[in-house]
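Okay, so here's the structure we're looking at.
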Amino acid sequence: MDHHKLTYSSNRRGFLKIAAFSSLGLALPAFARGPERARTGNLRVYVGTYTSGESEGIYLYSLNLASGELKRIGTTKGVKDPSYLALAPSRRYLYAVNEVEEFAGKKSGAISAFALDQGTGELTLLNQQPSLGGSPCYVVVDRTGRFVLVANYSGGNVAVLPIRNDGSLGEATDEKQDQGSSINAERQEGPHAHCVLLDPANRFAYACDLGTDKIMIYRFDKRQGKLIPNEAPWIKVKPGAGPRHLVFHPTGKYAYAVNELHATVTAFAHDQVAGHLTELETIPTLPADFTAANTSADIHISPDGRFLYCSNRGHDSIAAFKINSRNGRLTFIAHESTGGKSPRNFAIDPTGAFLLVANQKSENIVTFRRDMRSGRLSATDHVAEVPLPVCLKFTTAFA
């Protein structure tokens with residue numbers, strides 16, 4: 001499929017209201033520097049979904065930076081299971097996984113490339129390419145904007161695809177297949193790549209494999225789009241933990257993995273020259289007295305690098321931690337109910353003022369205000385009803 005315009009519906013009034021502050025192709029809305037002062041303006045939020053229910057595809061919302069209110073302003077229809085999204089550094093293109101098992105008659109998922117209209121946020125499909133594995137669940141664009149990396153959950157592998165000059169995707173330049181299993185017979189019978197991302201320097205790629213309890217480490221050849229196994233090609237977490245997502249501290253000195261099956265977070269020291277990870281500690285994301293079923297899902301760090309947050313599905317909470325800047329260790333702060341069921345994904349807006357939670361099973365996105373001094377969350381009472389929301393991506397200024 002090449003340069004095909006999908007059905008797109010929009011709230012014209014919503015677009016005009018945003019344009020009054022700043023169009024997507026201009027600057028990020030202005031906001032006060034001090035945490036005690038009110039932000040103004042709007043940001044846009046793309047929402048990836050599963051289309052097995054009532055969802056029509058990728059939704060576009062406007063976030064009011066003064067109140068935290070979300071308003072739907074557009075929908076890109078006709079895209080199948082766009083469950084994870086990534087924006088190019090230029091913010092001119094958006095990439096979505098199609099989390100399916102079969103694409104173009106072959107056992108593979110797909111990645112869809114979209115051009116992003118800077119004035120309206122409208123998405124136009126450029127093309128699709130196979131992801132080289134089933135159920136792609138994570139996609140990221142490298143910092144040069146020349147390559148997309150994708151993790152295939154059921155395929156148990158990761159792949160690299162080149163980005164052409166017009167934003168469309170070329171055929172994969174590399175693919176790495178994981179091997180092995182771990183102790184959870186139901187969930188870890190084989191490899192399940194759940195996340196792939198690059199370090200802040202764009203030198204190393206890290207892939208969390210939930211099925212093998214390993215975080216794979218590759219040197220990233222950003223000229224050829226190749227993954228070269230590192231001298232220390234992986235680090236293992238505790239047996240049965242199931243590493244799901246990874247995030248780097250803004251300084252690059254530390255990395256943190258949320259472990260889905262054990263409901264824990266593991267802190268690592270990150271060797272920025274050699275790419276090695278060294279475990280510092282592993283701590284729970286749940287209260288000690290919580291014994292019901294739970295799987296942890298997402299993990300993010302505040303823009304200032306002072307706080308870390310994890311989501312719990314079952315306990316249906318966000319766990320907040322303070323990061324010790326001297327040694328990378330975590331101190332628990334509090335749990336906050338997500339106001340819904342199964343918080344698969346969440347995101348902190350670039351100003352740091354709000355944290356948005358995508359509750360998959362209750363089909364809503366809940367806005368929380370974030371205290372930038374304490375890291376604590378508080379409800380804003382703003383809730384957007386969205387069918388099967390599973391990924392949130394904010395837009396920021398164009399380069």
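On a predicted model such as this, the values are computed, not experimentally measured, just so you know. Numbers here are sequence positions counted from 1.
- Rounded to the nearest 0.5 Å, atoms CG (Asn127) and CZ (Arg164) are 5.5 Å apart.
- Atoms NE2 and CG, from His262 and Asn184 in turn, are 8.0 Å apart once rounded to the nearest 0.5 Å.
- Residues meeting the side-chain contact (heavy atoms from CB on, under 4.5 Å) test with Ala232, sequence neighbours left out: His276.
- The shortest side-chain heavy-atom distance between Ile228 and Tyr218 does not fall under the 4.5 Å cut-off.
- Between Asp213 and Gly240, the shortest heavy-atom distance links the atoms OD2-N, 2.6 Å.
- Asp199 and Gln272 form no side-chain donor-acceptor contact under 3.5 Å, judged by distance and modelled atom types alone.
- Within the 3.5 Å criterion, the main-chain N or O of Asn294 finds no donor-acceptor partner in the side chain of His315.
- Side-chain N or O atoms of Asp349 include one that pairs as donor or acceptor with a backbone N or O of Phe354 at under 3.5 Å.
- Rounded to the nearest 0.5 Å, atoms NE2 (His382) and CG (Leu356) are 11.0 Å apart.
- A continuous path of ILVMFWY side-chain contacts below 4.5 Å connects Val97 to Phe147, so both sit in one hydrophobic cluster.
- Side-chain contact between Ser154 and Glu101: present, with at least one pair of heavy atoms (C-beta onward) separated by less than 4.5 Å.
- Under the 4.5 Å side-chain contact rule for hydrophobic residues, Phe248 and Ile299 do not share a cluster.
- Atom CE in Met216 sits 10.5 Å away from atom CG in Leu227 (nearest 0.5 Å).
- Between His192 and Tyr153, the two ring planes are parallel [angle under 30°; tilted spans 30° to 60°].
- Between Gln360 atom CD and Leu388 atom CG the span is 6.0 Å, to the nearest 0.5 Å.
- Panel note: side chain Asp178, backbone Pro191; no donor-acceptor pair is recorded below 3.5 Å.
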Decide yes or no on side chain to side chain donor-acceptor pair (under 3.5 Å) for Asn364 and Ser362, but give the supporting numbers first.
CA-CA 6 Å; Asn364 59 14; Ser362 56; 3.1 Å; yes
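- Under the 4.5 Å side-chain contact rule for hydrophobic residues, Phe307 and Phe321 do not share a cluster.
- Residues Thr285 and Ser296 approach most closely at OG1-OG, 3.1 Å, considering heavy atoms.
- Of the possible polar contacts, one joining the Thr380 side chain to the Thr367 backbone as a donor-acceptor pair under 3.5 Å is found.
- Criterion: ILVMFWY side-chain heavy atoms under 4.5 Å apart, direct or through other members. Under it, Ile348 and Val383 are part of a common hydrophobic cluster.
- Side-chain contact check for Glu189 and Ser181: no donor-acceptor pair (N or O, by modelled atom type) lies under 3.5 Å.
- In terms of heavy-atom proximity, Phe103 sits nearest to Gly109 at CB-O, 3.7 Å.
- Checking Val357, Asn312, Leu377 one by one against Ser317, the side-chain contact (heavy atoms from CB on, under 4.5 Å) holds for a single residue, Asn312.
- By the 4.5 Å heavy-atom criterion applied to side chains, Trp234 and Asp209 are not counted as neighbours.
- Using modelled atom types and a 3.5 Å distance limit, the side chains of Asp142 and Thr144 yield a donor-acceptor pair.
- A donor-acceptor distance shorter than 3.5 angstrom exists from the side chain of Gln177 to the backbone of Gly155, with no hydrogens or angles considered.
- Side chain of Asn152 to backbone of Ser131: a donor-acceptor contact under 3.5 angstrom is found.
- Heavy-atom contacts from other residues, nucleotides or ligands closer than 6.0 Å to CZ of Arg376 number 12 or fewer.
- No side-chain donor from either of Ser311 and Asp298 sits under 3.5 Å from a side-chain acceptor of the other.
- Residue pairs that meet the salt bridge (Lys or Arg N to Asp or Glu O under 4.0 Å) test with at least one member in residues 275-288, sequence neighbours left out, are Lys238-Glu279, Glu281-Arg329.
- Distance check: Ile58 CD1 to Thr51 OG1 gives 10.0 Å after rounding to the nearest 0.5 Å.
- The shortest non-hydrogen separation linking Ser55 to Gly57 is OG-N, 3.2 Å.
- Shortest non-hydrogen contact noted between Ile215 and Ala257 is CD1-CB, 4.1 Å.
- No donor-acceptor distance shorter than 3.5 angstrom exists from the side chain of Arg146 to the backbone of Gly225, with no hydrogens or angles considered.
- Residues that satisfy the salt bridge (Lys or Arg N to Asp or Glu O under 4.0 Å) test with Lys253, not counting sequence neighbours, are absent from this structure.
- Put simply, Ile283 and Leu280 are part of the same group of oily side chains (I, L, V, M, F, W, Y) that touch within less than 4.5 Å, one to the next.
- Inspection of the Glu99 and Tyr50 side chains reveals an N or O donor paired with an N or O acceptor under 3.5 Å.
- Nearest heavy-atom pair, Cys195 versus His245, reported as atom, atom and distance to 0.1 Å: CB-CD2, 3.8 Å.
- Counting heavy atoms from C-beta outward, Tyr93 and Val141 have side chains that stay 4.5 Å or more apart.
- Between Arg219 and Phe204 there is a side-chain heavy-atom pair separated by less than 4.5 Å.
- Not a single salt bridge (Lys or Arg N to Asp or Glu O under 4.0 Å) links Lys214 to another residue, sequence neighbours left out.
- Applying the salt bridge (Lys or Arg N to Asp or Glu O under 4.0 Å) criterion to Arg370, with sequence neighbours excluded, gives no partner residue.
- A donor-acceptor pair under 3.5 Å is formed between the side chain of Asp117 and the backbone N or O of Thr120.
- For Arg313, the salt bridge (Lys or Arg N to Asp or Glu O under 4.0 Å) partners are Glu260, not counting sequence neighbours.
- Between Tyr206 and His270, the gap from one ring centroid to the other is short of 6.0 Å.
- Between Ile365 and Val47, the closest side-chain pair of non-hydrogen atoms falls below 4.5 Å.
- Put simply, the side chain of Asp166 gets close to the backbone of Ser168: a donor and an acceptor are under 3.5 Å apart.
- For the residue pair Asn259/Thr264, the side-chain donor-acceptor check at 3.5 Å is satisfied.
- Below 30°, between 30° and 60°, or above 60°: for Tyr138 and Tyr84 the angle between ring planes is below 30°, a parallel geometry.
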Would Tyr59 and Thr75 count as a side chain to side chain contact (heavy atoms under 4.5 Å, CB included) if you check the C-alpha gap in whole Å, the side-chain angles of each, and the deciding distance to 0.1 Å?
CA-CA 5 Å; Tyr59 294 97; Thr75 307; 3.4 Å; yes
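- Gln224 is not listed as a side-chain neighbour of Thr173, based on a closest heavy-atom distance of 4.5 Å or more.
- Of the possible donor and acceptor atoms, one in the side chain of Asp316 sits under 3.5 Å from a partner among the backbone N and O of Ser342.
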